[in-house]
There are 2 protein chains.
Amino acid sequence: MEKKIPRPVIKRLGLYYRCLNRLYDEGIEYVASKDIAERLGIKSSQVRKDLSYFGEFGKRGVGYNTYELMERLEDIIGVNKYWNVIVIGAGNIGSAIANYEGLRKEKFNVIGIFDADRSKVGRKIGRLTVKHFSEIDDFFKKNIVEIAVLAVPENAAQMVVDKLEELGIKGIVNFAPVKLRTNIPVEDVDITLSFKSLSFKIERNIE
Amino acid sequence: MEKKIPRPVIKRLGLYYRCLNRLYDEGIEYVASKDIAERLGIKSSQVRKDLSYFGEFGKRGVGYNTYELMERLEDIIGVNKYWNVIVIGAGNIGSAIANYEGLRKEKFNVIGIFDADRSKVGRKIGRLTVKHFSEIDDFFKKNIVEIAVLAVPENAAQMVVDKLEELGIKGIVNFAPVKLRTNIPVEDVDITLSFKSLSFKIERNIE
DNA sequence: TAGATTGTTAATCGATTAACAATC
DNA sequence: TAGATTGTTAATCGATTAACAATC
C-alpha cells in the first residue's frame with residue numbers, strides 16, 4: 001500500500017478536476033499551479049503538494065498540460081468509468097437526485113429508484129419508474145449496481161444499509177442524518193447541517 | 001471578539017444538537033460526553049473540548065443535563081429562531097429544497113422560490129408559486145429574507161449573488177459548483193463532489 | 001542564458017487526543 | 001467518602017504553507 005492520502009486532498013481532487021475541465025474548455029493548453037489555486041481560492045503550494053501524492057505531472061518553468069492533467073485526474077478519481085447508481089427512497093431528495101443531470105454528466109448513471117411505500121411504486125421519475133424495495137434482490141441479479149444513494153427516513157436507514165451491504169454494494173452516499181454502521185465506504189451529505197453552519201456564521205459574523 | 005472557534009467545531013455543533021434532541025426524546029435526563037461521543041463515533045475529549053469553547057455546561061461526576069445542553073446549543077447555533085429562506089432556481093435541486101420537510105422542522109422556512117425561466121414561473125412547488133427573478137426586489141421590500149439558497153446554473157450564480165448581496169441577504173447556501181466572490185457567509189454544498197469522493201474511496205479501497 | 005514554475009523539504013499552523021486535577 | 005465525569009492543559013498528530021533547489 002502506498003502512502004496514505006489525507007482526506008482533504010481527496011475532497012480537493014474533484015475541485016481540481018472540474019477546474020481543469022473549465023480550463024480545457026477555455027482552450028488553455030498549459031496552466032500553472034498558481035492559476036489553478038487562484039480560481040479555487042487556495043494556495044499554489046497546496047495544489048502542487050496535493051498532486052505530488054499521485055505523481056509528477058508538471059513541467060518546471062511551464063506548468064501542467066491541461067488536457068494531460070485532466071486525464072490523469074480522471075484516472076485517479078475514477079471518473080473515467082461509468083458508475084451504476086440506485087436511489088433508495090423516492091421522496092423529495094431521492095427524486096431530485098434521480099433526476100439530476102449534473103450527476104449523469106459526471107458519469108454517475110441512476111439506473112433504478114426504490115421505495116418501501118407502495119403508494120409511490122409505479123410513479124415515474126424522469127425515465128425511471130419507482131420500484132418497491134422488495135424487488136431489490138431481483139434487481140441486483142439483473143444489473144450491476146455499484147453505488148446506492150440513501151434517501152430514506154432516519155429510522156429505516158440502518159436496515160437498508162445492512163441489506164445493501166449483503167447484496168454487495170460498493171459505496172453509499174447517505175442523505176439520512178445518522179451515522180451508518182457498515183464497512184463499505186460512505187459519504188455523508190447533510191443539507192440541514194449546512195444550514196445550521198450558516199446560521200451559526202451569520203449569528204457570529206464570521207467571514 | 002472572543003477566541004476563534006475552529007471550523008470543524010462549527011460543523012459538529014449541529015451533530016451535537018441533533019444527538020441531544022434524540023437523547024431528550026428517549027427520556028434521558030443526564031448524559032456523559034462519553035455517551036454523546038459514542039453515538040457520533042468521535043472521542044469524548046473532543047465533545048468536551050468543543051463545548052468548552054462556549055462555556056461550562058456539565059456537572060463533574062454527573063454529565064450534562066440533556067434538556068439544558070440542548071437549549072444552550074440552540075442559542076449557540078441560532079436554531080432557537082426561525083429563519084426566512086428563499087430559493088433561487090426552480091430546477092430539480094431548488095424544488096427539492098423548497099419542498100424539504102427536514103428544513104422546516106429545523107426552523108428554516110422557505111417563503112419564496114424564484115427562477116429566471118418564464119416557463120417555470122407560476123408553477124406550484126408545495127405551497128409556493130414560482131416567481132420570476134425580476135420580482136425579487138419587490139419581494140425583499142415586503143418580506144424579511146435572511147438566507148438564500150442558490151440552485152441556479154453555474155454561469156448565473158455570480159450575478160445572482162451580487163444581486164442578493166445588494167438586497168442585503170445575510171447568508172447563502174450555494175449548490176452551484178463555483179467559488180462565489182462575496183463578503184457574506186456562504187456554505188457550499190456540492191453533491192457531485194460527494195459522489196467523486198466516494199468513487200475515489202471505492203477505487204482505492206479506503207475505509 | 002534568463003525567467004518561470006515545478007516538486008519537495010522543513011517550518012508553521014491548527015485540530016485531536018490523552019491525561020489528570022478539580023469537583024460533583 | 002468513593003466513584004464518576006467534567007474542564008483544561010500539554011502532547012500528539014495531521015494539514016497547510018513558505019521557501020528553494022532542480023530544471024524546463
Side-chain angles (χ1 to χ4, degrees), chain A residues 1-16 19-20 23 28-70 72-73 76 179 197 200 206-207, chain B residues 1-16 19-20 23 28-70 72-73 76 179 197 200 206-207:
Chain A
M1 194 70 170
E2 60 258 291
K3 68 176 158 326
K4 206 188 151 297
I5 316 295
R7 293 214 150 218
V9 176
I10 300 176
K11 286 264 165 228
R12 281 191 297 266
L13 288 175
L15 291 173
Y16 296 150
C19 185
L20 266 294
L23 289 160
I28 293 164
E29 207 174 342
Y30 278 90
V31 63
S33 57
K34 191 157 153 289
D35 302 325
I36 298 174
E38 223 156 65
R39 292 194 176 216
L40 265 33
I42 59 179
K43 292 274 149 64
S44 70
S45 52
Q46 182 159 73
V47 175
R48 295 197 301 279
K49 179 114 237 268
D50 286 354
L51 294 174
S52 77
Y53 283 102
F54 305 98
E56 306 193 0
F57 308 123
K59 271 210 233 326
R60 285 159 201 245
V62 181
Y64 302 86
N65 178 291
T66 308
Y67 182 72
E68 210 179 286
L69 182 55
M70 195 172 76
R72 305 265 110 267
L73 282 171
I76 294 165
K179 176 105 193 127
S197 290
F200 178 88
I206 292 177
E207 196 167 11
Chain B
M1 195 68 172
E2 61 258 289
K3 69 176 157 325
K4 206 188 150 300
I5 315 295
R7 291 211 154 220
V9 175
I10 301 175
K11 286 263 164 229
R12 282 191 297 267
L13 289 176
L15 291 174
Y16 295 149
C19 185
L20 266 293
L23 289 161
I28 293 163
E29 207 175 341
Y30 278 90
V31 63
S33 58
K34 192 159 154 289
D35 302 324
I36 297 174
E38 224 156 64
R39 292 195 178 216
L40 265 33
I42 59 178
K43 292 275 150 61
S44 70
S45 52
Q46 182 159 72
V47 175
R48 294 198 301 279
K49 180 113 235 272
D50 287 354
L51 294 174
S52 77
Y53 284 101
F54 305 98
E56 307 192 359
F57 307 123
K59 269 208 234 332
R60 287 161 199 242
V62 181
Y64 302 87
N65 179 291
T66 309
Y67 182 71
E68 210 180 287
L69 182 55
M70 196 172 75
R72 304 264 113 266
L73 282 170
I76 294 165
K179 177 102 192 131
S197 290
F200 178 87
I206 291 177
E207 200 164 9

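The basis for the numbers below is simple: all heavy atoms, side chains too, and nothing from hydrogens, waters or symmetry mates. Numbered from 1 within each chain, the chains take letters A, B, ... in sequence-line order.
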Practice prompt. Under a 3.5 Å limit for both distances, which nucleotide forms a Watson-Crick or G-U wobble pair with dA22(D), could you say?
Written response: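 For dA22(D), the partner nucleotide comes out as dT5(C), under the 3.5 Å rule.
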Item to complete: With a 3.5 angstrom cut-off on both distances, give the Watson-Crick or G-U wobble partner of dC13(C), or none if there isn't one.
Response: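 Across all strands, the one nucleotide that pairs with dC13(C) is dG14(D).
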Item to complete: Could you tell me whether the phosphate oxygens of dT6(D), OP1 or OP2, come under 4.0 Å of any side-chain nitrogen or oxygen in Tyr30(B)?
Response: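 It does not, given that no N or O in the side chain of Tyr30(B) lies less than 4.0 Å from OP1 or OP2 of dT6(D).
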Discussion item. Looking at dT16(D), I'd like to know if its phosphate oxygens (OP1 or OP2) sit under 4.0 Å from a side-chain N or O belonging to Arg7(B).
Written reply: no
[X] has an atom [atom1]; how far is it from atom [atom2] of [N], in whole Å?
{"X": "Leu15(A)", "N": "dT16(D)", "atom1": "CG", "atom2": "P", "answer": "12 Å"}
{"X": "Phe57(B)", "N": "dG7(D)", "atom1": "CZ", "atom2": "C1'", "answer": "12 Å"}
{"X": "Ile5(B)", "N": "dT16(C)", "atom1": "CD1", "atom2": "P", "answer": "13 Å"}
{"X": "Leu51(A)", "N": "dT8(C)", "atom1": "CG", "atom2": "P", "answer": "11 Å"}
{"X": "Lys34(B)", "N": "dT6(D)", "atom1": "NZ", "atom2": "C1'", "answer": "14 Å"}

[options]: which one has an atom nearest the side-chain heavy atoms of [X]?
{"X": "Arg48(B)", "options": "dT6(D), dT17(C), dG7(C)", "value": "dT6(D)"}
{"X": "Ser52(B)", "options": "dT17(C), dT8(D), dA18(D)", "value": "dT8(D)"}
{"X": "Tyr64(A)", "options": "dT16(D), dG7(C), dA18(C)", "value": "dG7(C)"}
{"X": "Glu56(B)", "options": "dT8(D), dT5(C), dT17(D)", "value": "dT8(D)"}
{"X": "Pro6(B)", "options": "dT16(D), dT6(C), dA15(C)", "value": "dA15(C)"}
{"X": "Lys49(A)", "options": "dG7(C), dT17(D), dT17(C)", "value": "dT17(D)"}
{"X": "Ala32(A)", "options": "dT8(D), dA19(D), dT6(C)", "value": "dT6(C)"}
{"X": "Arg60(B)", "options": "dT16(C), dT5(D), dA18(C)", "value": "dT5(D)"}

Practice prompt. Looking at every strand, decide which applies to Ser33(A) at a 4.0 Å heavy-atom threshold: base, sugar-phosphate, or nothing.
Written response: sugar-phosphate
Worksheet item: Taking atom types as modelled and ignoring hydrogens, do the side chains of Ser52(B) and Arg48(B) form a donor-acceptor contact shorter than 3.5 angstrom?
Response: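 No donor-acceptor contact under 3.5 Å links the two side chains.
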